[in-house]
S.K.: 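I have a structure I would like to understand better, so I am pasting it below and will then ask my questions one at a time.
These figures come from a predicted structure and were not determined experimentally.
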Number of protein chains: 2
Amino acid sequence: MATIYEVSEAAGVSLATVSRVMNGNAKVSERTRKKVEDAMASLGYQPNAIAQSLASNRTNSVGLLVSELHGSYFGDLMSTVEQVLKQNGKHVIITAGHVNVDREHEAIEFLKSRRCDALILHAEAVSDDYLRKLVDSKLPVVIINRKVDNLDDNCFVVDNEQGGYLATHAAIKQGHRNIGYISGPLFKKDASDRLAGHKRALAEAGIEFEASSLFEGDFHESSGQEGMQYMQTHFSKLTALVCANDEMASGAMTAAREAGFDIPSQLSIIGFDNVLFSRYLYPKLTTINNPIHAMGEMAAHWVLQHVYNIKSSMAIEHLFVPEIINRDTLGKL
Amino acid sequence: MATIYEVSEAAGVSLATVSRVMNGNAKVSERTRKKVEDAMASLGYQPNAIAQSLASNRTNSVGLLVSELHGSYFGDLMSTVEQVLKQNGKHVIITAGHVNVDREHEAIEFLKSRRCDALILHAEAVSDDYLRKLVDSKLPVVIINRKVDNLDDNCFVVDNEQGGYLATHAAIKQGHRNIGYISGPLFKKDASDRLAGHKRALAEAGIEFEASSLFEGDFHESSGQEGMQYMQTHFSKLTALVCANDEMASGAMTAAREAGFDIPSQLSIIGFDNVLFSRYLYPKLTTINNPIHAMGEMAAHWVLQHVYNIKSSMAIEHLFVPEIINRDTLGKL
DNA sequence: CACTTAAATGTAAGCGCTTACAAAATATTG
DNA sequence: CAATATTTTGTAAGCGCTTACATTTAAGTG
């Protein structure tokens with residue numbers, strides 16, 4: 001693999017000049033530029049990004065932490081972030097934290113050791129304090145889907161409470177009053193916010209919240225099935241079931257069908273996230289749109305503006321509003 | 001950010017000694033090791049991976065190229081590869097090629113410039129010649145889901161032809177003779193192989209392949225819907241529909257239902273890949289298992305063995321056999 | 001205890017680049 | 001055309017590590 005030294009020799013110029021034509025930041029005469037470019041081409045020269053980074057203290061790569069590498073939600077997020085950044089010549093290094101303190105920690109350390117120019121984090125397990133320290137350390141950080149006190153400028157969140165409210169409110173508007181709720185793990189802020197919204201909608205309609213109407217799942221499909229089974233034995237009067245994400249809603253639908261319910265005539269189901277596959281479920285899932293795409297885009301633009309000084313016309317917004325997507329799983333009572 | 005120099009000073013030893021305790025490859029007395037470790041801890045020292053890589057010519061990271069960052073298939077693949085590699089202290093740098101020659105090219109160049117120790121490629125657009133050159137360049141490369149002549153040692157593939165055969169064969173065994181087929185883009189080897197298998201099954205059963213029974217999709221959900229619509233106007237006698245992947249099968253199911261077909265009593269559908277969500281479709285999709293998980297695992301182990309000399313008990317296999325997963329969308333005629 | 005052998009540590013030369021700063025070449029001006 | 005300003009190029013010092021080799025220290029031996 002050719003080095004800059006060989007190029008400089010072949011072109012009959014100094015290292016510095018080669019570096020200059022590579023980076024295009026200093027003036028080089030047309031004639032020498034040509035010589036250098038020819039030499040590069042004929043040697044098949046490819047700059048060593050590692051060496052460049054070490055010397056320039058700039059890696060042109062931003063670290064992205066997600067909880068999992070699979071699943072629609074994270075797929076959308078990764079895809080969006082990568083697209084925006086790549087369009088601007090920046091690269092993304094993706095790691096997974098698996099919703100585990102140690103692993104998130106380790107993943108972030110990895111990204112830091114890799115000297116990413118900035119970090120985009122969907123961190124669920126790590127503490128607020130840790131994140132505050134991270135931001136204080138001068139490393140540009142943006143936090144997705146989590147609001148950390150005193151870090152408003154770095155956080156991009158959807159209004160989960162409002163989303164939870166919308167879901168349950170929609171069910172109530174269709175006449176439902178016995179509404180089951182399958183939540184995510186309640187130690188997670190987004191899960192508890194959504195539940196809070198659910199309760200607000202109930203309260204507003206004068207419906208008392210019953211403890212037995214709640215099943216705490218883990219955001220995965222299988223816990224949706226378990227949740228539905230739970231409902232049948234502990235809250236069998238339900239006519240509508242609100243789920244804190246689409247995956248669990250899908251699981252619940254499967255279980256409901258196995259139990260002989262017709263959806264939505266005998267049981268209404270509402271999801272959350274509006275993940276890609278939700279429209280392909282049968283019946284098509286009524287859900288709350290979680291603007292992941294918009295948030296990912298925004299996070300990427302924030303980095304471009306703050307770290308690379310690349311301006312875009314996009315105004316930075318930190319709070320995203322959810323909205324209901326009416327499809328076929330919510331019926332009139 | 002503390003450097004190795006500051007650590008050596010704080011511990012009262014030389015740079016080399018600090019490096020030695022970091023890497024644990026040379027002997028260091030217990031006493032000095034302790035001194036160094038204490039110094040590291042109190043300084044919050046974190047090695048600069050960039051500098052390490054430059055000096056050692058080893059990045060401990062392997063590049064992974066996928067076609068897209070979203071979608072179940074790639075999610076599974078990324079997840080598996082990352083898991084195996086991370087367990088062994090190696091890191092994954094993921095890039096997307098978007099099934100486009102230039103972008104795959106660029107993505108691979110990026111990984112090379114990042115000095116990955118090895119590459120795991122799910123490259124669909126780039127030429128065989130390009131891949132052969134890449135392998136010749138001494139960069140360890142493994143190729144997933146694509147068989148390149150003279151590169152057998154580097155390729156891990158599922159027998160797509162056999163998979164296509166199995167799908168159609170299963171339909172025939174249930175009495176179907178008018179079988180529609182929604183393929184992937186036929187310039188892709190896997191798509192054309194699957195179709196070839198379909199044709200072989202037909203031939204074996206003495207059924208003539210009709211051109212109008214074929215719709216060429218793009219492996220995305222929406223083209224499954226389009227394919228189903230096509231069938232209704234151009235091949236309406238179909239009683240079974242074989243789809244070259246699960247996403248298109250899902251799209252086809254949606255369209256079929258909208259057109260009033262009951263599945264499987266009026267129309268049988270078979271997918272391909274056995275992607276996670278296929279079991280959550282309603283009815284649950286009968287499909288061909290594509291052992292992505294096993295292939296990803298194998299690819300990762302190949303790298304561990306060949307590049308990092310980490311032996312595992314796993315024997316390296318290059319050809320994976322597909323099998324049918326019987327669920328609820330294939331019915332007797 | 002002097003002498004050999006092994007273990008622990010230090011010295012210094014890179015790895016392939018970037019970038020102040022200095023030097024040389026070219027252009028401008030009265 | 002000499003003197004000065006300007007542009008273009010070269011020189012060399014790092015960036016933070018690893019590692020071959022040299023040196024020092026400790027352990028073993030008769």
S.K.: Quick check on DNA chain C: between B:E30 and B:A55, whose nearest nucleotide comes earlier from the 5' end?
M.R.: B:E30
S.K.: For the pair made of OH in B:Y45 and C1' in D:dC17, what is the distance, rounded to whole Å?
M.R.: 7 Å
S.K.: Hey, are the side chains of A:R132 and A:V148 touching, using non-hydrogen atoms and a 4.5 Å cut-off?
M.R.: yes
S.K.: For B:N48 and D:dG16, give me the distance from atom CG to atom C1', rounded to whole Å.
M.R.: 6 Å
S.K.: If you check every side-chain atom of B:L15, which of D:dC17, C:dT18, C:dG10 has the closest atom?
M.R.: D:dC17
S.K.: Name the nucleic acid region contacted by B:V18, choosing base, sugar-phosphate or nothing; use a 4.0 angstrom heavy-atom cut-off, strictly under.
M.R.: nothing
S.K.: Taking the side chain of B:N23 as heavy atoms from C-beta outward, which of D:dG10, D:dT18, D:dG16 is closest to it?
M.R.: D:dT18
S.K.: What is the distance from CD1 of B:I50 to P of C:dT18, rounded to the nearest Å?
M.R.: 14 Å
S.K.: Let me test you: for the helix from C:dC1-D:dG30 to C:dG30-D:dC1, what is the angle between the axes at its two ends (five pairs each), rounded to 10 degrees?
M.R.: 40°
S.K.: Identify which nucleotide among D:dC21, D:dT11, C:dT18 has an atom closest to any side-chain atom of A:S14, counting heavy atoms from C-beta outward.
M.R.: D:dT11
S.K.: So, does A:T32 get its side chain near the phosphate of D:dT9, meaning an N or O under 4.0 Å from OP1 or OP2?
M.R.: yes
S.K.: Taking atom C1' of D:dC15 as reference, at what distance in whole Å does atom CD1 of B:I4 sit?
M.R.: 13 Å
S.K.: Nearest to the side chain of A:A51, heavy atoms from C-beta on, is which of C:dG16, D:dT18, C:dT9?
M.R.: C:dG16
S.K.: Which nucleotide, D:dT19, D:dT9, D:dT18, lies nearest any side-chain atom of B:M22?
M.R.: D:dT18
S.K.: Report the nucleotide, chosen from D:dG14, C:dT9, C:dC21, that has the shortest atom-to-atom distance to any side-chain atom of B:S29.
M.R.: C:dT9
S.K.: Rounding to a whole Å, what distance do you find between B:Q46:CD and D:dC17:C1'?
M.R.: 14 Å
S.K.: Tell me, yes or no, whether the heavy-atom count around B:Y5 atom OH, taken from other residues, nucleotides or ligands under 6.0 Å, exceeds 12.
M.R.: no
S.K.: Go through residues 106-117 of chain A and report each residue with a non-hydrogen atom lying under 4.0 Å from DNA chain D, sorted by number.
M.R.: none
S.K.: A:S19 has a side chain; which of D:dT9, C:dT18, D:dC21 sits nearest to it?
M.R.: C:dT18
S.K.: Tell me, with the steps shown, if A:I316 and A:M298 meet side-chain contact (heavy atoms from CB on, under 4.5 Å).
M.R.: CA-CA 7 Å; A:I316 302 290; A:M298 195 60 82; 4.0 Å; yes
S.K.: Roughly, in whole Å, what's the span from CE in B:M1 to C1' in D:dG16?
M.R.: 13 Å
S.K.: Is there a side-chain polar atom (N or O) of B:T17 under 4.0 Å from OP1 or OP2 of C:dG10?
M.R.: yes
S.K.: Quick check: closest heavy atoms across A:V84 and A:L304, and the distance to 0.1 Å?
M.R.: CG1-CD1, 4.0 Å
S.K.: Looking at every heavy atom in both B:M295 and B:V158, which two are closest together, and how far apart are they?
M.R.: SD-N, 3.7 Å
S.K.: If you look at every heavy atom in B:K90 and B:I310, which pair is closest and at what distance?
M.R.: CE-CD1, 4.3 Å
S.K.: Should B:V36 and B:M40 be marked as a side-chain contact (heavy atoms from CB on, under 4.5 Å) after you check the CA-CA gap, both sets of side-chain angles, and the distance that decides it?
M.R.: CA-CA 6 Å; B:V36 172; B:M40 284 177 167; 4.0 Å; yes
S.K.: Show the nearest heavy-atom pair for residues A:A96 and B:E82, with the distance to one decimal.
M.R.: N-OE2, 3.6 Å
S.K.: Taking side chain as C-beta onward, heavy atoms only, is A:L139 less than 4.5 Å from A:L119?
M.R.: yes
S.K.: Please state whether the rings of B:H122 and B:F74 are parallel, tilted or perpendicular, taking 30° and 60° as the class boundaries.
M.R.: perpendicular
S.K.: Find the distance A:N57:CG to D:dG16:C1' and express it as a whole number of Å.
M.R.: 11 Å
S.K.: Rounded to whole angstrom units, what separation is found between the NZ atom of B:K27 and the C1' atom of D:dA27?
M.R.: 14 Å
S.K.: Let me know, please, whether A:A2 or A:R31 comes out on the 5' side of the other along DNA chain C by nearest nucleotide.
M.R.: A:A2
S.K.: Report the nucleotide, chosen from D:dG16, C:dC17, C:dT11, that has the shortest atom-to-atom distance to any side-chain atom of B:A16.
M.R.: C:dT11
S.K.: Looking only at side-chain atoms of B:V13, point me to the closest of D:dG14, C:dC15, C:dG10.
M.R.: C:dG10
S.K.: Give the nucleotide from the list D:dC15, C:dA8, C:dT19 with an atom nearest to the side chain of A:L54.
M.R.: D:dC15
S.K.: Take atom CG of B:N57 as the centre, draw a 6.0 Å sphere, and report whether it contains more than 12 heavy atoms from other residues, nucleotides or ligands.
M.R.: no
